[in-house]
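Note sheet for the following structure.
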Amino acid sequence: MKRIGLYIHIPFCLQKCAYCDFYSIPGRDEALQKRYINALTLHMKTLSTTMEDRVFDTVYIGGGTPGLLTAEMLTTLINGINDNFKLTEDAEITLETNPAVADEAKFRVMRSLGINRLSMGMQSSEESVLRTLGRLHTFDQFAETFREARRAGFENLSADVMYALPGQTVDGLLETIRSLIALSPEHISMYGLKVEENTPFGRLGGKLSLPDEDIQCEMYERACDLLETEGYHRYEISNFVKDGYESRHNLRYWQREEYLGLGPAAHSFVDGVRYSYPRDIMAYITALEQGSLTATDSLIRITPAEAEAEKIMLGLRLAEGIIATAELLKKCENYLRYGFMKRKGERIAFTTKGFLVSNTILAELLDD
Ligand code: SF4
């Protein structure tokens with residue numbers, strides 16, 4: 001039976017963060033949330049026959065802030081998954097949450113439903129930076145939420161931190177990472193800020209005071225060194241783990257394995273086709289309630305040439321890199337010679353220096 005992952009998008013947040021371009025609606029509209037969960041259940045029902053020949057070994061409930069959902073809504077959602085799809089015994093089931101939207105009691109419900117991994121937004125331990133980002137929590141609240149999740153029985157916890165932020169220094173970032181490591185998460189994601197146009201940060205344009213490029217590079221390099229020293233190895237450009245705790249769901253994106261995405265803005269890759277649903281929750285709900293969900297933003301059948309390009313683009317995000325053809329090796333000669341890439345047997349991979357300019361290198365490699 002074919003293996004596949006399931007992504008479910010929960011497009012609700014208490015408030016939009018100043019940098020965030022993900023599709024989510026701010027506020028606490030429980031009636032809308034409930035209606036949305038019912039629509040998702042309907043969607044799963046319509047897909048259950050198509051997915052009969054597949055078994056799901058990862059589930060990722062992302063957003064948005066899925067931790068906002070009530071225990072009752074989470075129960076309906078997980079029951080919907082179990083009623084309509086086959087899951088492996090050891091399926092990795094991740095849920096994203098933020099500090100102060102879930103407490104120990106809700107975490108216990110999540111564990112009892114089979115959710116076995118949490119990914120939490122921390123972003124920084126510096127209160128001034130958190131305020132600039134528009135985050136609704138302090139570092140102490142993050143730490144308390146993290147401990148509550150542990151007490152509820154979660155043995156696989158991940159946290160996100162960010163670098164290249166307005167007002168952040170190299171020392172501030174390293175202090176953030178040390179504070180996080182003190183809590184002993186199994187997995188750490190570290191993302192550089194990308195200023196997206198349609199966000200409050202994007203609208204500030206040149207008025208946003210960011211660390212310059214050299215400082216941003218120093219931040220990434222020194223944070224990677226610190227994480228490695230503390231036993232977190234980098235397995236992907238932005239992701240670090242204690243041995244054995246790689247995110248199995250995220251690995252499938254980089255290894256081009258299949259995933260089914262449900263919800264507005266969710267992407268799927270099934271049977272060699274990539275498609276997504278529009279960023280419009282009401283259109284999604286209404287279509288499902290009327291039994292006519294067909295609209296997609298994009299529907300692309302990947303050609304063999306595109307598949308090869310994807311293998312390079314996605315595979316080189318991984319620290320283990322990819323098996324290189326003779327042609328690719330030839331193209332990478334200079335990157336290998338000047339230390340942007342390294343070679344181990346048949347595999348090539350970026351070095352830290354290479355990861356810092358990986359977008360430029362990939363654009364050159366995939367130019368023709
Ligand atoms: S909580 Fe997460 S998804 Fe919601 S606005 Fe902030 S960064 Fe975006």
Side-chain angles (χ1 to χ4, degrees), residues 7-30 32-33 36-37 40 60-70 73-74 77 94-103 106-107 110 117-139 141-146 149 157-168 176 180 185 187-204 208 210 238-239 247 249-250 253 261-267 276-277 279-281 284:
Y7 174 79
I8 297 187
H9 192 65
I10 305 294
F12 305 109
C13 291
L14 280 183
Q15 173 181 294
K16 285 300 286 184
C17 301
Y19 56 90
C20 180
D21 187 36
F22 292 133
Y23 177 64
S24 69
I25 297 162
R28 245 193 213 278
D29 186 342
E30 285 205 9
L32 178 64
Q33 291 171 5
Y36 177 65
I37 297 297
L40 280 172
Y60 197 102
I61 304 168
T65 308
L68 260 185
L69 299 178
T70 61
M73 291 178 208
L74 286 169
L77 182 65
T94 304
L95 179 134
E96 284 184 343
T97 191
N98 274 315
V101 297
D103 57 11
K106 204 195 274 185
F107 287 139
M110 291 176 189
R117 184 172 183 273
L118 291 180
S119 173
M120 289 194 206
M122 166 183 163
Q123 317 314 358
S124 176
S125 63
E126 296 181 276
E127 306 307 339
S128 59
V129 172
L130 288 172
R131 272 195 304 278
T132 306
L133 294 179
R135 302 287 296 181
L136 284 171
H137 57 88
T138 62
F139 172 68
Q141 282 170 320
F142 168 82
E144 184 47 30
T145 305
F146 193 94
L157 294 176
S158 177
D160 293 352
V161 294
M162 294 179 78
Y163 72 98
L165 298 173
Q168 191 183 41
T176 286
L180 176 55
H187 185 284
I188 296 176
S189 299
M190 183 182 72
Y191 300 109
L193 172 69
K194 278 201 196 79
V195 180
E196 307 284 354
E197 255 180 50
N198 291 322
T199 61
F201 273 5
R203 287 188 278 279
L204 280 175
L208 196 64
L210 299 171
S238 308
N239 286 286
S247 159
H249 186 83
N250 286 341
Y253 297 141
L262 307 183
H267 289 251
S276 61
Y277 295 107
R279 291 163 67 107
D280 182 342
I281 189 171
Y284 180 83

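Every heavy atom of this structure was used, including side-chain atoms; hydrogens, water molecules and symmetry mates were not. Both ligands and their constituent atoms are indexed starting at 1 by order of listing.
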Which residue and atom name correspond to the protein heavy atom nearest atom 6 (Fe) of ligand 1, and how close is it?
Cys17 SG, 2.4 Å
Distance from atom 3 (S) of ligand 1 to nearest protein heavy atom, with residue and atom
Gly64 N, 3.3 Å
With respect to atom 1 (S) of ligand 1, which of Asn98, Leu133, Ile25 exhibits the smallest heavy-atom separation?
Asn98
If hydrogens are left out, which of Phe12, Tyr19, Phe22 has an atom nearest to atom 7 (S) of ligand 1, that is, the closest non-hydrogen atom?
Tyr19
Short check: any N/O/S atom of Cys20 below 2.8 Å from atom 4 (Fe) of ligand 1?
no
Please set out all donor-acceptor pairs under 3.5 angstrom arising from side-chain atoms of residues 124-133, sequence neighbours excluded.
unit_1: Ser124; atom_1: OG; unit_2: Glu126; atom_2: N; d: 2.9
unit_1: Ser125; atom_1: OG; unit_2: Thr176; atom_2: OG1; d: 3.2
unit_1: Glu127; atom_1: OE2; unit_2: Phe139; atom_2: N; d: 3.3
unit_1: Thr132; atom_1: OG1; unit_2: Ser128; atom_2: O; d: 2.9

Which pair of heavy atoms, one from [X] and one from [Y], lies closest together, and at what distance?
X: Tyr19; Y: Gln123; value: OH-NE2, 3.7 Å
X: Lys106; Y: Gly67; value: NZ-O, 2.7 Å
X: Leu77; Y: Ile37; value: N-CG2, 4.1 Å
X: Arg117; Y: Ser158; value: NH2-CB, 3.7 Å

Within less than 4.0 angstrom of ligand 1, does Arg135 place any heavy atom?
yes
Does only the side chain of Cys13 get under 4.0 Å from ligand 1, or the backbone, or both, or neither? Count heavy atoms.
side chain
Can you tell me which portion of Leu14 lies within the under-4.0 Å heavy-atom range of ligand 1? Options are side chain, backbone, both, or neither.
neither
Ring geometry between Tyr277 and Tyr284 (parallel below 30°, tilted from 30 to 60°, perpendicular above 60°)
perpendicular
